[in-house]
Amino acid sequence: MTKKWLAYAVAALGLVSPALAQSTISFGYWGDPPELPPFEEIVSKYQAAHPDVKIEIQHAPWSGYFTRLDSQLAAGAGPDVFFITNVPSYASRGALAPLDDLIKASNFPIDQYVPSSLLTHSFEGKLYSIPRDSAPSALYYNSDAFDAVGVAYPNADWKWADLRDAAIKLTTTEGGRITRYGLALESNDWATWVQQNGGKVFDDPLKPTTFLLAEPAAVEAIQYIGDLINKDKVTPNFLEAEQAGGTAQLFSSGQAAMVITNPSRLGTFADVPFKWAVANLPGGPTGIHSNRTGGAGFAINANSKNPEAAWAFLQYLAGPEGQSIFAGAKAAAVPAMTGNETVRAAFKAPFGDVFLKEADVGEQFPQFPRFVDLSNLYIQPALDLVWNGESTAADAIGGIKDKVNAELAK
């Protein structure tokens, strides 16, 4: 009996070995080039340990990732396992598979995760995604630029006024054109400023009943950002920053002396031709220190044709092995699985103490099913008026207050 005939006979009897029957699953994620190595390492190691599994990669940059994912999911398709944010929005429309029963049956160590991070990845009491990181922001600064203009480096006592003063001194012009901005900001971090001023976006970030962004503390925070852009002209507006390649490109090229962004940029900035460092975020006017919590996570497509293989891969991806790879990567992710000593030991990123301290003051960003729609219809257009200098924060946000509250009341 030849080996080939034996293989056919085994197959006919339904006794195909893992080596002969390969499962295929797809894995979707976003990321700039410096962020990709840990994803690639995890896929490579998993496939090496599981030769019966083939993982097809679906990668896209952040700017196009969700457009493609939303189209795929709407058509009942999409990756089997994918990187995700704004979990309630996807869970509420049935796009994600609930994980609680799988976790219980597999004894997955979910208790080693930061509870607040798990809350971010839940909807109506069920967990739909396992967080990769807590994604706090920090203040990156160009030490050489600070030295050149004689400005003291950021420290733990800095408040908004100190940040603004430094940004003004660090901004340079030539022939009436700005050649270097003092500060660049991420467009999606505006709620952190509201928190730092003692304000809120909604009365409850997960189950809101009242829109609070039009309250004085929140309006003052939004106006502060608007003034940095339009009055002081030390920060590029967000469209301009995007056209210039984003905050990472602005800082790397020396076109911004400071940038507030997440720990993944540690790898992006590793080889820039100047000295730089990372400091904690400045406190609000009254000294409130606040950041965002939650980060992105990994979910299983509710329409996956191979849910067993998808869950097996997700356990590795989000378990101690995968979390350790992410925590130890050059483009570091502050791990959400802080209850695991192996994972904590793997997190040796430069300025890791800064990011861990920021994670400790993380607060929940608005995260409920209708937030994306409310943001697209009302909140973001109002904020854009402020960022573009077309309106004051009080007028722009005050103009949508009743509309958002009416939507919440439905």
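We count residues from 1, following the sequence as given.
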Practice item. Taking ring-ring contact (aromatic ring centres under 6.0 Å, His included) as the test, write out the residues that go with His289, two or more places apart. Key: none
Point to revise | Partners meeting ring-ring contact (aromatic ring centres under 6.0 Å, His included) with Tyr29 (sequence neighbours left out) | key: Phe27, Phe39, His59
Point to revise | Partners passing side-chain contact (heavy atoms from CB on, under 4.5 Å) against Val278 (at least two apart in sequence or in another chain) | key: Ala138, Tyr140, Leu266, Trp276, Phe351, Val354, Phe355
Revision key, fill the gap. By side-chain hydrogen bond (donor to acceptor under 3.5 Å, both in side chains), Asn340 pairs with (sequence neighbours left out) Gln112
Check your understanding: How are the rings of Tyr316 and Tyr46 set relative to one another: parallel (under 30°), tilted (30 to 60°) or perpendicular (over 60°)?
Key -> tilted
Check your understanding: So does Glu407 pair up with Lys410, basic N to acidic O under 4.0 Å?
Key -> yes
Review point. Which residue pairs pass the side-chain hydrogen bond (donor to acceptor under 3.5 Å, both in side chains) test with at least one member in residues 123-134, sequence neighbours excluded?
Key: His121-Ser129
Review point. Relative to the ring of Phe202, is the ring of Phe368 parallel (under 30°), tilted (30 to 60°) or perpendicular (over 60°)?
Key: perpendicular
Practice item. Not counting sequence neighbours, list each pair that qualifies as a ring pair (Phe, Tyr, Trp, His ring centres under 6.0 Å) and has a residue in residues 232-260. Key: Phe238-Trp387, Phe251-Phe269, Phe251-Phe274
Study note, to complete from the structure: Residues pairing under salt bridge (charged side-chain N to carboxylate O under 4.0 Å, His left out) where one sits in residues 229-242, two or more places apart or in two chains, turn out to be Arg164-Asp232
Review point. Taking only residues two or more places apart in sequence, or in another chain, which ones meet Arg93 in a salt bridge (Lys or Arg N to Asp or Glu O under 4.0 Å)?
Key: none
Practice item. Any pair with a residue in residues 203-213 that passes side-chain hydrogen bond (donor to acceptor under 3.5 Å, both in side chains), sequence neighbours left out, goes on the list, sorted by first then second residue, please. Key: Asp203-Thr209
Check your understanding: Which residue pairs pass the salt bridge (charged side-chain N to carboxylate O under 4.0 Å, His left out) test with at least one member in residues 58-87, sequence neighbours excluded?
Key -> none
Revision key, fill the gap. Contacts of Lys169 meeting side-chain hydrogen bond (donor to acceptor under 3.5 Å, both in side chains) (sequence neighbours excluded), chain-then-number -> Asp165
Check your understanding: Which residues satisfy the ring-ring contact (aromatic ring centres under 6.0 Å, His included) test with Tyr113, sequence neighbours excluded?
Key -> none
